[in-house]
Amino acid sequence: MRLKDKRILISAAGQGIGRASAIACAAEGASVIAVDIDAGKMTDLPEVSGGRIETRQLDVRDADAIAGMAADLPPLDGLFNCAGFVHHGTVLEISEEDWAFSLDLNVTSMYRMLRAFLPGMLSRAEETGGVAVLNMASMAGSIKGFPNRTAYGATKAAVIGLTKGVAADFVKQGLRCNALCPGTVDTPSLRGRIASAADPVQAEKDFIARQPMGRLATVDDITPLVVYLLSDESRFVTGQAMLVDGGVTI
Ligand code: NAD
């Protein structure tokens, strides 16, 4: 049990990587608080985890709701800020409103979560010797440029900067902070991006063609790194942007 006795909060746990991470962390012994803007997507999580996952509705764009939840919960051992949105388009196509939305959901939400949950986590680190934050970045844009990912890449690069700043500020207080940079993962939102392309069959072929391993990632390719970065096994790892991309950036 690699996460035994750890209390871990995971955002965007309704589907995709967040959901799979909640299940994987629970299977490793963590008590998981799974949050999502759409609580209806999480109704089965307590049962599939044998009661190790508690679900709560949370919009990570709502600072008051976040502060209320932080006040209501005991201090966390782990926080996985997973929520994010992929905007499609070039810099000439993104409206200022859409740009602001991407920044707010992909970056400012993490600032809000950190400000609310870090004080409790730092006190917890004094007791246990270590706590861990994981922020969801991406291979796309922030590590390697791709067409139509300017807003996404800018926000995910900002996540890496945020991660390094937090890591540097709290390294002496037992708080580690890392960023996760997955390649293309087969999740409901990816399926939505494929379905909304002019030619969905070709769009899926194009996503696969850029994968040296010849396939998309599954969520199960990503969750082992999530568990590792939230566990004490990664106790000497902080401030890193960890790639799990099937070789795209070789
Ligand atoms: P997804 O996009 O399919 O699901 C996202 C979840 O976030 C949904 O359950 C949704 O209800 C929830 N959500 C949306 N807005 C929210 C809000 N304001 N507050 C709380 N929850 C909210 O999941 P995914 O594709 O696994 O992506 C999860 C994260 O991983 C994102 O940050 C994404 O950028 C990142 N990522 C995804 C891929 C990929 O290829 N799928 C690759 C790299 C990084």
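Numbering starts at 1 and runs along the sequence shown. One-based numbering, in listed order, for ligands and for the atoms of each. Because only heavy atoms are used, hydrogens play no part in the values below, and waters and symmetry mates are left out as well, while side chains stay in. These numbers come from a predicted model, not from an experiment.
- The side chain to side chain donor-acceptor pair (under 3.5 Å) test with R19 is passed by exactly one of T223, T187, D44: D44.
- Interface atoms of ligand 1 facing G16, defined by a heavy-atom separation under 4.0 Å, are 26 (O).
- Short contacts between ligand 1 and S138, defined as distances under 4.0 Å to a heavy atom of the residue, involve ligand atoms 43 (C), 44 (C).
- Each of R124, R176, K4 was scored for a salt bridge (charged side-chain N to carboxylate O under 4.0 Å, His left out) with D77, with one residue passing: R124.
- A salt bridge links D232 to K6: one of the charged nitrogens lies within less than 4.0 Å of a carboxylate oxygen.
- Taking atom 31 (C) of ligand 1 as the reference point, the nearest protein heavy-atom neighbour is C82 O, 3.3 Å.
- Taking atom 21 (N) of ligand 1 as the reference point, the nearest protein heavy-atom neighbour is I37 N, 3.1 Å.
- Panel note: side chain K164, backbone G239; a donor-acceptor pair is recorded below 3.5 Å.
- Between R52 and E28 there is no salt bridge, since no side-chain nitrogen of the basic residue lies less than 4.0 Å from a carboxylate oxygen of the acidic one.
- Summary of contacts: the protein heavy atom closest to atom 35 (C) of ligand 1 is M136 CG, 3.4 Å.
- In the vicinity of A12, heavy-atom distances shorter than 4.0 Å reach the ligand 1 atoms 6 (C), 7 (O).
- Under a 4.0 angstrom heavy-atom cut-off, S11 registers as lying outside contact with ligand 1.
- Stacking of K144 on the aromatic ring of F146 is recorded, both the 6.0 Å distance cut-off and the 45° axial limit being met.
- Smallest separation of non-hydrogen atoms from V107 and L162: O-CD2, 4.4 Å.
- Near G183, the atoms of ligand 1 lying under 4.0 angstrom from a non-hydrogen atom of the residue are 40 (O), 42 (C), 43 (C).
- Annotation for ligand 1: atoms under 4.0 Å from non-hydrogen atoms of D59 are 17 (C), 18 (N), 19 (N).
- Residue-level proximity to ligand 1 for T187 is carried by the side chain, the only part with a heavy atom below 4.0 angstrom.
- Here the heavy atom of the protein found nearest to atom 8 (C) of ligand 1 is K41 NZ, 3.4 Å.
- Nearest-residue assignment for atom 33 (C) of ligand 1 (options F85, Y152, F101; heavy-atom criterion): Y152.
- The shortest contact between atom 37 (C) of ligand 1 and any protein heavy atom is with I17 CD1, 3.9 Å.
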>> Quick one, S102 with Y152, criterion side chain to side chain contact (heavy atoms under 4.5 Å, CB included). Give me CA distance, side-chain angles, the key distance, then yes/no.
In response: CA-CA 7 Å; S102 284; Y152 184 69; over 6 Å; no
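- Ion pair E233/R235 not flagged as a salt bridge, since none of the NZ, NE, NH1 or NH2 atoms sits closer than 4.0 Å to an Asp/Glu carboxylate oxygen.
- Of the heavy atoms in K156, only side-chain atoms (C-beta onward) come closer than 4.0 Å to ligand 1.
- With respect to the salt-bridge test (charged N to carboxylate O, under 4.0 angstrom), the residues R210 and D245 do not qualify.
- Among protein heavy atoms, the minimum distance from atom 19 (N) of ligand 1 is reached at V60 N, 3.0 Å.
- Contacts between Q15 and ligand 1 below 4.0 angstrom, taking non-hydrogen atoms only, involve backbone and side chain alike.
- Ranking the protein heavy atoms by distance from atom 9 (O) of ligand 1 puts D36 OD2, 2.7 Å first.
- Within ligand 1, the atoms closer than 4.0 Å to a non-hydrogen atom of G14 are 9 (O), numbered from 1 in the order shown.
- Taking a cut-off of under 4.0 Å to the non-hydrogen atoms of A137, the atoms of ligand 1 that pass are 44 (C).
- Distances from ligand 1 to the non-hydrogen atoms of A13 include no value under 4.0 Å.
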> L58 and I66: side chain to side chain contact (heavy atoms under 4.5 Å, CB included), yes or no, with the steps?
Replying inline: CA-CA 7 Å; L58 182 70; I66 292 170; 4.0 Å; yes
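- Comment: R112 does not engage D59 in a salt bridge, judged by the lack of any side-chain N to carboxylate O separation of less than 4.0 angstrom.
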>> Show, in sequence, the C-alpha distance, side-chain angles and deciding distance for H87 and R149, and conclude whether the side-chain hydrogen bond (donor to acceptor under 3.5 Å, both in side chains) test is met.
In response: CA-CA 7 Å; H87 184 275; R149 290 290 179 268; over 6 Å; no
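- Ligand 1 places these atoms under 4.0 Å from at least one heavy atom of A83: 32 (O).
- Shown here, atom 27 (O) of ligand 1 is out of close reach of the protein: none of its heavy atoms lies under 4.0 Å off.
- No continuous path of hydrophobic side-chain contacts links M139 to I17 [ILVMFWY only; heavy atoms under 4.5 Å].
- Only side-chain heavy atoms of L105 come within less than 4.0 Å of ligand 1; its backbone N, CA, C and O stay farther off.
- In terms of polar-atom proximity, defined here as any N/O pair under 3.5 Å, S189 does make such a contact with ligand 1.
- Under a cutoff of 6.0 Å and an axis angle of 45°, R61 and F101 do not form a cation-pi pair.
- V185 N, 2.7 Å is the protein heavy atom nearest to atom 40 (O) of ligand 1.
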